[in-house]
Asks: 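Below is a structure I'd like to ask you about.
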Amino acid sequence: MIIEKSSIRHAAKTSGISEEDLAIFFAEGIQQTYQPNEWLFQESTPRQWAGIILDGEVELVRGLHGSSRRIATMIAGSMISEGAFLDGDAHNSGAFTRNGATVWQIPVERIAAFREVKPELFYRIVSRVAVGINRRLRMLTRQLHDSKSGDVVMSGFRLEHDSLGMREISDDAYYGVQTTRAMENFAISGIFVRNFEHLIEGLAMVKKAAALTNHELGAINEARMQAICGACDELLEGKLHDHFTVDMFQGGAGTSTNMNTNEVIANRGLELMGYAKGEYQHLHPNDHVNCSQSTNDAYPTAIKLAVLLSARSLLRAMEELRHSLEMKAAEFSDVLKMGRTENQDAVPMTLGQEFNAYAVMIDSATKALDRAADEFLDINMGATAIGTGINSPPGYASLVTKRLAEVSGFPLRKARNLVEATQNAGTFVQMSATLKRAAVQISKICNDLRWMSSGPRCGLNEINLPPMQPGSSIMPGKVNPVIPELVNQICYQVMGYDNVVSMAAEASELELCMAEPIIAYDLLHGMMILKNGCVALTSRCVAGIEANRDICRGYVEKSIGLVTALVPVIGYEHSAAIAKEALKTGGSVYDLVLEKSLLSKEELDDILRPENMTDPREIPRK
């Protein structure tokens, strides 16, 4: 198919490229039609073609993670994806058409061939493409200035290379070429390593301990060790976390996160040594920061440290919740209410007993998490690639474990078998399952709080939860149990994460679990949201709960379940008759017992005293 001359003429006018040059260049292109709401290309994907819009409009947008922003609208005659002329870089924006569009395209393979066959013509086109891109940059700069969003510091660029080739890196960035590739390859969730400070702290601890050990064993000199340790100390102080830009969802079993760490530490270390970023001959991300390590021992060890750090915060929050429940148990120790089984009246108890049971649930979950955390003290540092310790000096594994224990403050232990520890993710499964157990128990408590506070006029209304916000956009005066509802949903998420962790750990094949990144995300995010949920539940709900004492006692007096407590005193036959009549007439068990003179009011009230109703005791039988 041959592109129409009118389209060539329109494109020449908008791009500044001569009609003759464009006609020659696009002679071997193809026409591609896109349907309404179809994407031409996605942000971060490799450039596959350059083209001219023949018909329709195309919108350029930025943002992959739920908040896209329109940059510009391209109309017929506009060149699109012309960056394919300049290099093999990825798209820095996405393009889609709302109403459909037709584009004349030439693939990057033909562009590369064209450069070899007709270089003069190719570079004439490239020069005009560069002018067009510069014009767009001026427009974006003006828009940025007009937005008055604050000062923007512009810096230069440096060239870095890896085994796949050379890349241009902004001099503002402490990360390097491998992180840049990972940012493009794994533009998935918008949730980056920088969102998990405990993981960055764990990585910094690992790299610092490795540097100390490598220096002690003669693998790196003192200047490099000091630079690495200095950069790690800054990370532990909370600095440079914004440069951990790799998505938590990633392939490579964590290699990209490890290299992100190595590059940030190397470039900051270079500055501490008096060199510029990227001068890796003096301090190299792989040769020095990653010395005697592999992702396969450094990354899971950092995850374990991050889990241990997260567990501290979670356990503190759970202890506060337990204490708050115990305080309520004491406050409600004299509030008589009906216990229920299968949502039916059972036998009397106190509201204090109910809340004390909740406190014990949290205590048991806390102890279980503490026990599960103990296994995280076994680490596989020194395993390197698969557990054999290749490329590490003799004695490294034991010494780096000792140094990491000193750096982290945790009593870490070298795993009994480094090959097993490198491939077995069972420890993560155990922690995830224990976290799920805590979530199940906390969610059960939230269910009960919602039931007991239901109404207030047409539900149980045994307790009042503190009102936190209006509950309806249409029903005035309605107040919902929003905090228990929030925590329920958090718990559901944690329960779901456990299933993912189990599947990811099971996916470990041969000598490595490739799915450790999703294990890290689910464990660390699950612990974070459960911790925050406990804080909210304690401060915004449990601490402000009030008992509706009269309503609770009224349910006891009216409940058929009360006769169970009377059986030892008035006998089974009388109790059954009272229950049957109460059900038939809707009368109160309390009143019927008095009417039939089965007990005096003093005797009945004595039986109904909370201390007599809720604990084993000697029963005065008739």
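Each residue takes its place number in the sequence, starting with 1. Side-chain atoms are counted along with the backbone in the values below, which use heavy atoms only and exclude waters and symmetry mates.
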Asks: Check the pair D297, T384 against side chain to side chain donor-acceptor pair (under 3.5 Å), reporting the backbone distance first and the verdict last.
Replies: CA-CA 5 Å; D297 60 352; T384 64; 5.5 Å; no
Asks: Can N262 and K207 be counted as having a side-chain donor-acceptor contact under 3.5 angstrom?
Replies: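 There is such a pair between these side chains.
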Asks: Are S408 and L412 packed together at the side-chain level, in the sense that at least one heavy-atom pair is separated by less than 4.5 angstrom?
Replies: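 In short, these two side chains touch, coming nearer than 4.5 Å.
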Asks: State yes or no: are the ring centers of F186 and F249 separated by less than 6.0 Å?
Replies: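 Not under 6.0 Å, so no.
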Asks: Closer than 3.5 angstrom, by distance alone: can the side chain of T255 be matched with the main-chain N or O of G252 as a donor-acceptor pair?
Replies: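 Yes: the side chain of T255 pairs with the backbone of G252.
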Asks: Do Q281 and Y275 have side-chain atoms, one donor and one acceptor, less than 3.5 Å apart?
Replies: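 Side chains of Q281 and Y275: no pair found under 3.5 Å.
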Asks: Within the supplied structure, the quantity of interest is the number of heavy atoms (other residues, nucleotides, ligands) at a distance under 6.0 Å from K277 NZ; does it exceed 12?
Replies: yes
Asks: Which value, rounded to the nearest 0.5 Å, describes the distance between R403 atom CZ and T213 atom OG1?
Replies: 6.5 Å
Asks: Measure the spacing between CZ of F192 and CD1 of I200 and express it to the nearest 0.5 Å.
Replies: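 CD1 of I200 is found 12.5 Å from CZ of F192.
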Asks: Measure the shortest side-chain to side-chain distance between L315 and L369 over non-hydrogen atoms and say whether it is less than 4.5 angstrom.
Replies: yes
Asks: Is a side-chain donor or acceptor of Q293 paired with a backbone partner of C291 at a separation under 3.5 angstrom?
Replies: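 Yes; judged by distance alone, with no hydrogens or angles, the pair exists.
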Asks: Hey, is the main chain of A505 close enough, under 3.5 Å, to the side chain of S508 for a donor-acceptor pair?
Replies: no
Asks: Is it true that E319 and R322 make a salt bridge, defined as a side-chain N closer than 4.0 Å to a carboxylate O?
Replies: yes
Asks: Are the side chain of N499 and the backbone of G496 linked by a donor-acceptor contact shorter than 3.5 Å?
Replies: no
Asks: Please check this pair: side chain of H161 against backbone of R167, looking for a donor-acceptor N/O pair closer than 3.5 Å.
Replies: no
Asks: Might you work through the side chain to side chain contact (heavy atoms under 4.5 Å, CB included) test for I228 and I220, ending with a clear yes or no?
Replies: CA-CA 11 Å; I228 294 170; I220 61 173; 4.2 Å; yes
Asks: How long is the span from the CG atom in L537 to the CG atom in N488, to the nearest 0.5 Å?
Replies: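 Atom-to-atom, L537:CG and N488:CG are 9.5 Å apart.
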Asks: Give a yes or no on this: more than 12 heavy atoms of other residues, nucleotides or ligands lie within 6.0 Å of atom NE2 of H284.
Replies: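 Yes, enclosed.
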Asks: Hey, what's the ring geometry for W39 with F96, parallel, tilted or perpendicular (30° and 60° as the breaks)?
Replies: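 Tilted: the ring planes of W39 and F96 meet at 30° to 60°.
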Asks: For the CD atom of Q178 and the CE atom of M183, what is their distance to the nearest 0.5 Å?
Replies: 14.0 Å
Asks: To the nearest 0.5 Å, what is the distance between CZ (F244) and OG1 (T257)?
Replies: 9.5 Å
Asks: Can you tell me if N267 uses its side chain to pair, donor with acceptor, with the backbone of E263 under 3.5 Å?
Replies: yes
Asks: Thinking salt bridges, do D498 and R437 make one under a 4.0 Å N-O criterion?
Replies: no
Asks: What I'd like to find out is whether the side chain of I519 reaches to under 4.5 Å of the side chain of I303, using heavy atoms alone.
Replies: no
Asks: Are the side chain of E160 and the backbone of V177 linked by a donor-acceptor contact shorter than 3.5 Å?
Replies: yes
Asks: With heavy-atom distances below 4.5 Å as the criterion, would you say the side chains of T261 and H243 are in contact?
Replies: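 No, every pair of side-chain atoms sits at 4.5 Å or beyond.
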Asks: Counting C-beta onward and ignoring hydrogens, is there a side-chain heavy-atom pair between P411 and L377 closer than 4.5 Å?
Replies: yes
Asks: Is a side-chain N or O of S392 found less than 3.5 angstrom from the main chain of G389, in a donor-acceptor match?
Replies: yes
Asks: How about E201 and H198: does a side-chain donor come under 3.5 Å of a side-chain acceptor?
Replies: yes
Asks: Does any N or O in the side chain of T179 come within less than 3.5 Å of the main-chain N or O of Y175, such that one atom is a donor and the other an acceptor?
Replies: no
Asks: In Å and rounded to the nearest 0.5 Å, what is the NZ to SG distance from K208 to C229?
Replies: 5.5 Å
Asks: Within a strict 4.5 Å, meaning less than it, do heavy atoms of the R115 and I111 side chains meet?
Replies: no
Asks: Hey, can you tell me if F428 and F376 have their rings parallel, tilted or perpendicular (30° and 60° cut-offs)?
Replies: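 It falls in the perpendicular class, over 60°.
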Asks: For the side chain of K304 and the backbone of D378, is there at least one donor-acceptor N/O pair under 3.5 Å apart?
Replies: yes
Asks: Do S443 and Y492 have side-chain heavy atoms sitting under 4.5 Å apart?
Replies: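 SC-SC contact between S443 and Y492 confirmed.
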Asks: For R540, does the CZ atom have more than 12 heavy-atom neighbours from other residues, nucleotides or ligands under 6.0 Å away?
Replies: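 No, because the 6.0 Å sphere around CZ of R540 holds 12 heavy atoms or fewer from other groups.
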Asks: Side chains of D522 and S432 only: does a donor on one sit below 3.5 Å from an acceptor on the other?
Replies: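 No donor-acceptor contact under 3.5 Å links the two side chains.
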Asks: What I'd like to find out is whether the side chain of E509 reaches to under 4.5 Å of the side chain of M514, using heavy atoms alone.
Replies: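 No, too far: nothing below the 4.5 Å cut-off.
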Asks: N258 and N290: side chain to side chain donor-acceptor pair (under 3.5 Å), yes or no, with the steps?
Replies: CA-CA 9 Å; N258 187 40; N290 201 61; 3.1 Å; yes
